[in-house]
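This report refers to the structure that appears directly beneath it.
These values consider heavy atoms only, across backbone and side chains, with no hydrogens, waters or symmetry-generated copies. None of these values were measured; they are calculated from a predicted model.
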Amino acid sequence: MGGDNVLTVGILGGMGPMATVDLFAKIVECTPATCDQDHIKIIVYNNPQIPSRIEAILNGSRSPAGKLIDSARFLENAGANLLVMPCNTAHYWYQDIQAAVTIKLINMIENTANAVASQENSGDIVLFASAGTVQTALYQKAFLAKNISLLIPKPDEQQIISLAITAAKAGQLENNPYLGQLDEIMFAYQQAGANSVIGGCTEIPLLFKYSNRECCQIDPTRLLAQEVVRQAIL
């Protein structure tokens with residue numbers, strides 16, 4: 001493995017920085033390497049100056065599309081052959097970004113839907129995502145295309161999820177003040193028959209390890225890392 005038969009992966013990051021680090025780490029973890037030279041070449045552009053995706057969707061504030069495209073082109077010009085973007089909400093502008101570069105941008109949300117559809121699941125699936133991702137129905141549409149329906153938290157539950165995401169972006173993981181309430185929300189859905197939760201915001205998988213609920217945690221970041229390894233190693 002390794003050498004000239006491995007693509008150079010570009011990570012369009014900064015949304016947020018810890019989620020970017022999380023994807024980088026999971027790509028390394030998922031790579032079947034026995035030495036340094038077996039690993040995938042990765043270029044990380046951690047651009048935290050990309051305008052808020054959620055504010056653009058919910059409140060009509062400045063669109064991040066221009067900065068997203070700039071980041072994608074930066075990575076392509078730097079030598080990336082394959083792009084990934086560890087931000088679910090930013091996939092609202094997926095088509096704009098893909099059209100602006102000549103290299104492939106793996107769709108994180110479609111990849112998650114493909115992975116879940118390939119596995120047997122006997123219970124309902126709950127979506128924990130940003131309000132922007134929920135409102136634009138990015139996951140709902142991708143899963144509906146696979147004949148899979150998702151449970152969407154009620155407005156008061158979504159508010160807690162959004163607050164937990166904001167706290168995670170501020171560096172509060174193990175000490176996130178909303179962990180207990182997230183567990184309570186998941187417990188209520190488990191009581192109603194759900195057995196899985198999708199971390200549909202890249203900050204949610206950062207919180208998974210601190211949950212006290214036993215359920216199937218679907219981590220789109222890890223699924224994306226696995227797909228990166230599959231596509232990058234020719």
Output yes when a side-chain donor or acceptor of T31 lies under 3.5 Å from a complementary backbone atom of H39, and no otherwise.
no
Under a 4.0 Å N-O cut-off, is there an ion pair linking E29 with K26?
no
Would you mind reporting whether V101 and R73 have side-chain heavy atoms less than 4.5 Å apart?
yes
Side-chain donor/acceptor pairs under 3.5 Å, residues 102-109, sequence neighbours excluded:
from	atom 1	to	atom 2	distance (Å)
T102	OG1	E76	OE2	2.2
K104	NZ	Q231	OE1	3.1
N107	OD1	I109	N	3.0
N107	OD1	E110	N	3.0

Applying salt bridge (Lys or Arg N to Asp or Glu O under 4.0 Å), name anything that partners K154, two or more places apart in sequence or on another chain.
E157
Identified side chain to side chain contact (heavy atoms under 4.5 Å, CB included) counterpart of V84 within the set I42, L23, N111:
L23
Y139 and F143 aromatic ring geometry - parallel, tilted or perpendicular at 30°/60° bounds
tilted
May I ask you to decide if G13's main-chain N or O and N46's side chain share a donor-acceptor pair within less than 3.5 Å?
no
Only one of V21, D22, N176 passes side chain to side chain contact (heavy atoms under 4.5 Å, CB included) with L206; say which it is.
D22
Under 3.5 Å, is there a donor-acceptor pair between the N88 and T133 side chains?
no
Does F208 reach the side chain of V197, with side-chain heavy atoms less than 4.5 Å apart?
yes
Under a single-linkage definition using a 4.5 Å side-chain heavy-atom cutoff for Ile, Leu, Val, Met, Phe, Trp and Tyr, are I204 and I54 assigned to the same hydrophobic cluster?
no
Close side-chain approach of Q181 to L163, heavy-atom, < 4.5 Å
no
Could you tell me which residues satisfy side-chain contact (heavy atoms from CB on, under 4.5 Å) with E55, sequence neighbours excluded, listed by chain and number?
S52, N59, S61
With a 4.5 Å cut-off on side-chain heavy atoms, are V229 and Q226 touching?
no
